[in-house]
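Worksheet for the structure shown next.
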Protein chains: 2
Amino acid sequence: MRRDVFQAIADPTRRAIIALIALQAMTPNAIAEHFDSTRQSISKHLRILSECDLLSKTQQGREIYYQLQIEKMKDIDKWLDQFRKIWETRFNQLDNVLSAIKNNKK
Amino acid sequence: MRRDVFQAIADPTRRAIIALIALQAMTPNAIAEHFDSTRQSISKHLRILSECDLLSKTQQGREIYYQLQIEKMKDIDKWLDQFRKIWETRFNQLDNVLSAIKNNKK
DNA sequence: AATTTGCGAAACCGATCGGCTGCATTTATA
DNA sequence: TATAAATGCAGCCGATCGGTTTCGCAAATT
């Protein structure tokens, strides 16, 4: 299934997983210990995160290390870029509304 | 209902709405013209975006102008900050996995 | 005063979500 | 070789999602 990064980070548990393994790769069991839900539930989240390439796996014997593909996080940053340009130049938000209304009245 | 910014931007239509009205406030009807779905469907999206303070309303007669609260977009930027620090300093992702495994073997 | 316009709320619907339990498989250990 | 450990998958469930149609209401227009 083709997944979307924005849909992946919508869930708070998945965001917590991302933050947890950002610095160090971890196994599903080790990750699950940090949460209240079951290991299988975490496993599902890992699958979703993997499907949109936010995570990659490295098998080591019977253990599987999941690590964050930090490059993929830049996708979100790129999307934010268009708005970053705006909030860096906009000083008075009210101008926005008023000009819109004025243009419409013409 | 208390809404979450990350859940709000998970939907592609809502992201398109955000981009559409980023520069200029618009009415629900005007926004809906840019999409295939019904006006009521767009109205639902506007409600969700409003509930997490991404949008604000300005009534003008019987028309309601929705405008993006660009400040709220910074919430996403703030969340990305923790990862931005990482991708700016990490040159070799492989180091990450290997050190994790090594630490585990101790 | 009657009609049109702009909008939101409610009710419904199939699809998906996020959690669970149970099971199968592979690898390590006793 | 038998057992334990690590993991993923399938199926179930109630809740939520995103869409639609129908309706009601207030403001503008005729």
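The chains referred to below are lettered A, B, ... by the order of the sequence lines, with proteins before strands, and numbering in each begins at 1.
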Out of [options], whichever nucleotide has its closest atom nearest the side chain of [X]:
X	options	value
B:T13	D:dT7, C:dG6, D:dG19	D:dG19
B:R47	D:dG19, C:dG8, C:dA9	C:dA9
B:T27	D:dG18, D:dT20, C:dC7	C:dC7

Among B:K72, B:R3, B:K44, the one residue meeting salt bridge (Lys or Arg N to Asp or Glu O under 4.0 Å) with B:E51: B:R3
Spacing between [X] atom [atom1] and [N] atom [atom2], to the nearest angstrom:
X	N	atom1	atom2	value
B:I64	C:dA9	CD1	P	9 Å
A:R3	C:dG18	CZ	P	8 Å
A:M26	D:dA6	CE	P	13 Å
A:R15	C:dC17	CZ	C1'	15 Å
A:D36	C:dG18	CG	C1'	14 Å
A:E51	D:dG8	CD	P	12 Å
A:D11	D:dT16	CG	P	14 Å
A:R14	C:dG19	CZ	C1'	12 Å

Any ion pair linking B:D4 and A:R15 (charged N to carboxylate O, less than 4.0 Å)? yes
I'd like to know if A:D81 and A:R84 make a salt bridge, using a cut-off of under 4.0 Å between side-chain N and carboxylate O. yes
Would you indicate, yes or no, if D:dA6 has its OP1 or OP2 atom less than 4.0 angstrom from a side-chain nitrogen or oxygen of A:Y65? no
Distance check: side-chain N/O of A:N29 vs OP1/OP2 of D:dT7, anything under 4.0 Å? yes
With the threshold set at under 4.0 Å for non-hydrogen atoms, list the residues of residues 38-45 of chain A touching DNA chain C in residue-number order. A:T38, A:Q40, A:S41, A:K44, A:H45
For the backbone of [Y] and the side chain of [X], can you confirm whether one donor and one acceptor N or O come within less than 3.5 Å of each other?
X	Y	answer
A:R39	A:A32	no
B:Q59	B:G61	yes
B:S50	B:L46	yes
A:E71	A:M73	no

Would you compute the distance between atom [atom1] of [X] and atom [atom2] of [Y] and round it to the nearest 0.5 angstrom?
X	Y	atom1	atom2	value
A:Q69	A:L55	CD	CG	8.0 Å
B:D75	B:I9	CG	CD1	10.5 Å
B:I64	B:T58	CD1	OG1	9.5 Å

Base, sugar-phosphate, or nothing for A:F35, non-hydrogen atoms under 4.0 angstrom? nothing
Which heavy atom of A:L68 sits nearest to which heavy atom of A:L54, and what is that distance? CD1-O, 3.3 Å
Show the nearest heavy-atom pair for residues A:L20 and A:M26, with the distance to one decimal. CG-SD, 3.8 Å
If you assign each of A:P28 and B:S37 to its closest nucleotide in DNA chain D, which residue comes earlier from the 5' end? A:P28
All N/O pairs under 3.5 Å across the protein-nucleotides 26-28 of chain C interface:
{"residue": "C:dT27", "atom": "O2", "partner": "A:R62", "partner atom": "NH1", "Å": "3.3"}

So that I can compare with my own list, what are the stems of DNA chain C, taken as at least three consecutive Watson-Crick or G-U pairs with distances under 3.5 Å? C:1-30 with D:1-30
